[in-house]
Asker: 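This is the structure I want to talk about, given as structure tokens.
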Amino acid sequence: MIDILINVSGLMLIAAIVWWFWLSDPEAKRINDQLIEILVEDGVYAPARIEIPANQSVTLRFLRKDASPCAEKVIFEQLDKSLELALSQPTELTLSIAEAGEYAFTCEMQMYRGSLIVRAEGL
Amino acid sequence: MTVKHFSIGGMSCAGCVASVEKALKKVDGLESSSVNFAEHTAEVEGNFSSDVLIKAVVDAGYEAALLQSEEDAAEKEAAEFTHYRNLLKKSFVAALVGVPLFVLGMSGLLPDLNNTQGQIIWFLIGLVTAFVMWFSGGYFFTGAWKSLKNHNANMDTLIALGTGTAWVFSMVITINPELVPSLARHAYFEAAAIIIALINFGSALEMRARGKTSEAIKRLIGLQPKTARVIRDGKETDVDISQVGLNETVRVRPGEKIPVDGVVIDGHSSVDESMLTGEPLAVEKNIDDEVVGGTINKAGTFLFVAKKIGSETALAQIIALVRKAQNSKPAIGKLADRISAIFVPTVLIIAVITFLTWFNFAPGLVTDDVRVSYALVTMMTVLIIACPCALGLATPISIMVGVGKAAELGVLIRNGDALQTAGKLDAVVLDKTGTITKGQPSVTSVITFGEQRQEDVLMYAASLEQGSEHPLAEAIVNAARDKEIALSSAEDFAAIAGHGVKATILQKNILLGNAALMKNNDVDITAGLEQSEALAAQAQTPVFLAINNQLAGIVSVADPIKEDSAQAIKALHQLGIKVVMLTGDNKHTAKAVAQQLSIDEYFAEVLPEDKEQKVALLQSQGNVVGMVGDGINDAPALARADVGFAIGTGTDVAIESADVTLMRGSLLGVVDAIAISKATVKNIKQNLFGAFVYNSLGIPVAAGILFPFTGILLNPMIAGAAMAMSSVTVVSNANRLRWFRSAGVSK
């Protein structure tokens, strides 16, 4: 009986991993201001998913609290932009993205992960 | 709330200060501002975007640039050192508990869990280990939890789960040993503590090694002097570099660094620009010459006017370009990125499968009593050995060192893709004038026909060319000036691209150009053909002059070949690269130059607009083509090439058409760029191979794949050591690129 329970639990755990990490997305934080503060700490960008309108100038202000070199850079691969984040000091990037879609931003090792969800105007 | 400093240019009176302040007040989020007229700076406080502020000032008719604090680098270094020390401290504390536990356990001096006394001792050990895990490894757990909430998983997740599972299992069997068979009653507190010690130690080593990877950029930042001697109200005053305003007069004394970019207005000197351009010889600077911030004044004192300050200086732009390139990734790294993105959840699944496999199938291999222990240990080892960091670091860390090293050699690589493609080049196209040759031609002989005198031929030729900026034209005009020949005005002037020029001078129709121009205008050049071919065979450029459609003379111009062109072409051949030359010169001159330098292929009489077609032709033949040109006239060909090299551009780094900008005029820069690109790509491949092999072999071994054949099971502590060292190995391998030597020892 215990064997079955452990096996079923294991299979359910695998299903949960697949669902949680690959099939579901965290809720995006919808932003209407021009300035967004992003905290870089403990392996995560907070907020990590940010929804912004297309064609609007938005400033991302990163505040890095993690001293490890992993957190030093943030790279917007699709936008060909990158930032070096100073420790405990805000570092800004002003963007205006015309095309709606999802734009990932990560540290150089891809451990910190975030995304900008650009929604089309009027949505 | 942040405070930022900006340099403000264009202020000439107190009224300007008011205008700038008014513009600043309109910036959203700005709390306070203070404009300093004397220093041409503004101190601004609030939550605002620098870009928005700069735009507001520019819209008001002034200039603004963000000033970087010179203390930033020192602060960063101090913060990194503090973090490094913290990691070592955490490692030491964890080892202080883990190592004695391990030694005592191996010596059989620790009690077993089958009696109450043993349980109490193990419970206390568990509490001490919990403290160690909180003190030395708490950040793994916080990071793992926060990542989990964000539907993300990273290295923290693996370590937290691996060590957390060990502690929870150990604590559970300490409190209630009956839950597992007696043979499986083994606590793993020491493993949790030692793994945390090893991973902190590995992170500290990695941090130390990573510090070296950014030495090139630190060196560039270090070129920036801290103070400048400005002249204000007729007095010389030493001020902080951030306080130098646009158009301020600055004095530079012998041995001093030039603080910002500007133009010499008084005095003369020689300046060492090697730190930016790689050019070893000092450059003479006279009135109206440009000087660049960060370079060193050798001898002599001069005054210059500041034209670019703050983030606008060439040095600041070079730093920005190098940083941007260091953060870009070539295509070769994209696969690793895709794997990194799914790596940790995949490892979590493998860990669960490992547990279930041992739990269900181990009885055939081990006794039923210990299968839970084996399942747990193998699962834990899989979690600990997997290293997403080595995979994620493999590409960016090599790019960081490679691009930085290239910058030290005066080679600015725009991005990772340019670097990767430069390493694959099998043909390099060189423009002759200014690239292979010095681009400073001079008249070597004047041959006359009929009744013409040498002075007349030179007068007509120079009168025609006096308005032209072509290097050949400049040579002819200079020759006439040297002989003090008075020039006449040219009427109805027309330039025929790739052929020459024509005009009416002293009511005579004058043609000056190549044989094609003469032929198109029915000028018989038979009398001069033999001599022109002889001149061309000596790598000189013969230019025909016709007066009223009669051949009057040949002006021969030679452009000396740069001293190191032959060495560079030889080095390109050694790299297995075909060298192709393009020139607007006639085929005889082109052939002579090609033979002299062992150039594989040449195209003569190429019109400027045809250079792009020649590059495309070589590409259509299956070559991966690099084009070396001046970045302005050759922009279409540079853009067409797989890699465009803008050569000899001094410190002008803003060349959009070039993938690689060479800050010195030597072709050896091309060799350096290609050689370092090859070395960097090779380094990336080694790193990727190492990281892939490590994970692809390490994970199955950790899962116990060798156990059925050898009876060997990997200890989770050894897995922790391997994991900690894998990132260090990748960073150390990338650091080898720092020892790359310039092919031509051009620096």
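Naming: A, B, ... by sequence-line order, numbering from 1 per chain.
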Asker: Is there a ring pair (Phe, Tyr, Trp, His ring centres under 6.0 Å) between Phe105(A) and Tyr45(A) once you walk through the steps?
Answerer: CA-CA 10 Å; Phe105(A) 56 98; Tyr45(A) 297 120; 5.1 Å; yes
Asker: Quick one: of Gly333(B), Pro396(B), Ser203(B), Ala351(B), who has the most non-hydrogen atom pairs under 4.5 Å with chain A?
Answerer: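 That would be Pro396(B).
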Asker: Should Thr106(A) and Val74(A) count as side-chain neighbours, where that means a heavy-atom distance under 4.5 Å?
Answerer: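 The answer is no, as the side chains (C-beta and beyond) never meet within the 4.5 Å cut-off.
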Asker: Which atoms of Leu391(B) are under 4.5 Å from chain A, going by heavy atoms: the side chain, the backbone, both sets, or neither?
Answerer: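 Answer is neither: Leu391(B) stays 4.5 Å or more from chain A.
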Asker: Who wins among Asp80(A), Leu87(A), Leu13(A), Leu83(A) for the most heavy-atom pairs under 4.5 Å with chain B?
Answerer: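 Heavy-atom pairs under 4.5 Å are most numerous for Asp80(A).
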Asker: Does any backbone or side-chain atom of Thr94(A) lie under 4.5 Å from a heavy atom of chain B? Answer side chain, backbone, both or neither.
Answerer: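 Thr94(A) touches chain B through backbone and side-chain heavy atoms alike.
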Asker: Specify which of Met207(B), Lys146(B), Lys324(B), His151(B) makes the most heavy-atom pairs with chain A at under 4.5 Å.
Answerer: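 The answer is His151(B).
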Asker: Got a sec: does the CZ of Phe141(B) have more than 12 other heavy atoms crowding it under 6.0 Å?
Answerer: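 Counting other residues, nucleotides and ligands, CZ of Phe141(B) exceeds 12 neighbours.
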Asker: Grab the two heavy atoms, one from Ala375(B) and one from Thr378(B), that are nearest each other, plus how far apart they are.
Answerer: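 Of all heavy-atom pairs spanning Ala375(B) and Thr378(B), the closest is O-OG1, 3.0 Å.
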Asker: Checking Leu87(B) against chain A: side chain, backbone, both or neither under 4.5 Å from a heavy atom?
Answerer: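 Interface part for Leu87(B): neither.
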Asker: Looking at Ala153(B) and Phe21(A), what are the two nearest heavy atoms and their distance?
Answerer: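 Scanning both residues completely, I find the closest heavy atoms to be CB-CE2, 3.6 Å.
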Asker: Which answer fits Glu72(A), side chain, backbone, both or neither, if we ask what part of it has an atom under 4.5 Å from a heavy atom of chain B?
Answerer: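 Side chain only.
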Asker: I'd like to know whether NZ of Lys218(B) has more than 12 heavy-atom contacts from other residues, nucleotides or ligands below 6.0 angstrom.
Answerer: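 Result for NZ/Lys218(B): enclosed.
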Asker: Under 4.5 Å between any side-chain heavy atoms of Leu95(A) and Ser57(A), yes or no?
Answerer: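 Leu95(A) does not reach Ser57(A) side chain to side chain.
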Asker: Does Leu23(A) CG have over 12 foreign heavy atoms under 6.0 Å away?
Answerer: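 For Leu23(A), atom CG is crowded (more than 12 foreign heavy atoms under 6.0 Å).
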Asker: Among Thr82(B), Asn360(B), Thr395(B), Asn415(B), which residue forms the greatest number of heavy-atom pairs with chain A at distances under 4.5 Å?
Answerer: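 Sorted descending by pairs with chain A, the first entry is Asn360(B).
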Asker: Which pair of non-hydrogen atoms, one from Leu85(A) and one from Arg64(A), has the smallest distance, and what is that distance?
Answerer: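 In this case the closest contact between Leu85(A) and Arg64(A) is O-NH1, 2.8 Å.
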Asker: Between Asn86(B) and chain A, with a heavy-atom cut-off of 4.5 Å, which part of the residue counts as in contact: side chain, backbone, both or neither?
Answerer: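 Looking at Asn86(B), nothing touches chain A.
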Asker: Tell me, side chain or backbone of Ser68(A) under 4.5 Å from chain B's heavy atoms, or both, or neither?
Answerer: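 Both backbone and side chain.
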Asker: Which residue out of Ser82(A), Ala46(A), Ala86(A), Ala48(A) racks up the most heavy-atom pairs below 4.5 Å with chain B?
Answerer: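 Option with the top pair count is Ser82(A).
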Asker: Mind ranking Ala390(B), Ala144(B), Ser147(B) by heavy-atom pairs under 4.5 Å with chain A and telling me who comes out on top?
Answerer: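 Most pairs with chain A among the choices: Ser147(B).
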Asker: When only pairs under 4.5 Å are counted, which of Ile2(A), Asp3(A), Leu93(A) shares the most heavy-atom pairs with chain B?
Answerer: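 Result: the option with the highest number of such pairs is Asp3(A).
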Asker: Count the heavy atoms of every other residue, nucleotide or ligand shown that sit under 6.0 Å from CH2 of Trp145(B), and state whether that count exceeds 12.
Answerer: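 Count not over threshold, so no.
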Asker: With chain A, which of Asp156(B), Thr142(B), Asp337(B), Leu348(B) has the greatest number of heavy-atom pairs at distances under 4.5 Å?
Answerer: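 Option with the top pair count is Asp337(B).
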Asker: Can you tell whether the side chains of Glu84(A) and Arg323(B) come within less than 4.0 Å, N to carboxylate O?
Answerer: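 The answer is yes: the pair qualifies as a salt bridge.
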Asker: Please state whether the side chain, the backbone, both or neither of Arg371(B) comes within less than 4.5 Å of a heavy atom of chain A.
Answerer: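 It is the side chain, since no backbone atom gets that close.
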Asker: Ile17(A) versus chain B, heavy atoms under 4.5 Å apart: side chain, backbone, both or neither?
Answerer: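 Contact with chain B is through the side chain of Ile17(A) alone.
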Asker: Check whether Thr346(B) gets within reach of chain A through its side chain, its backbone, both or neither, counting any heavy atom under 4.5 Å.
Answerer: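 Both backbone and side chain.
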Asker: Does this structure show an ion pair linking Arg210(B) with Glu80(B), if we count only N-O contacts that are shorter than 4.0 Å?
Answerer: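 So Arg210(B) does not pair with Glu80(B) through a salt bridge.
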Asker: Of all of Leu356(B), Val344(B), Ile353(B), which one pairs up most often with chain A through heavy atoms under 4.5 Å apart?
Answerer: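 Heavy-atom pair counts peak at Leu356(B).
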Asker: Among the options Pro69(A), Gly10(A), Gly114(A), pick out the one with the most heavy-atom pairs lying under 4.5 Å from chain B.
Answerer: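 Among Pro69(A), Gly10(A), Gly114(A), the one with the most close pairs to chain B is Pro69(A).
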Asker: Counting heavy-atom pairs under 4.5 Å with chain B, which one of Gly43(A), Pro47(A), Ala67(A) comes out on top?
Answerer: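 Maximum pair count with chain B is reached by Ala67(A).
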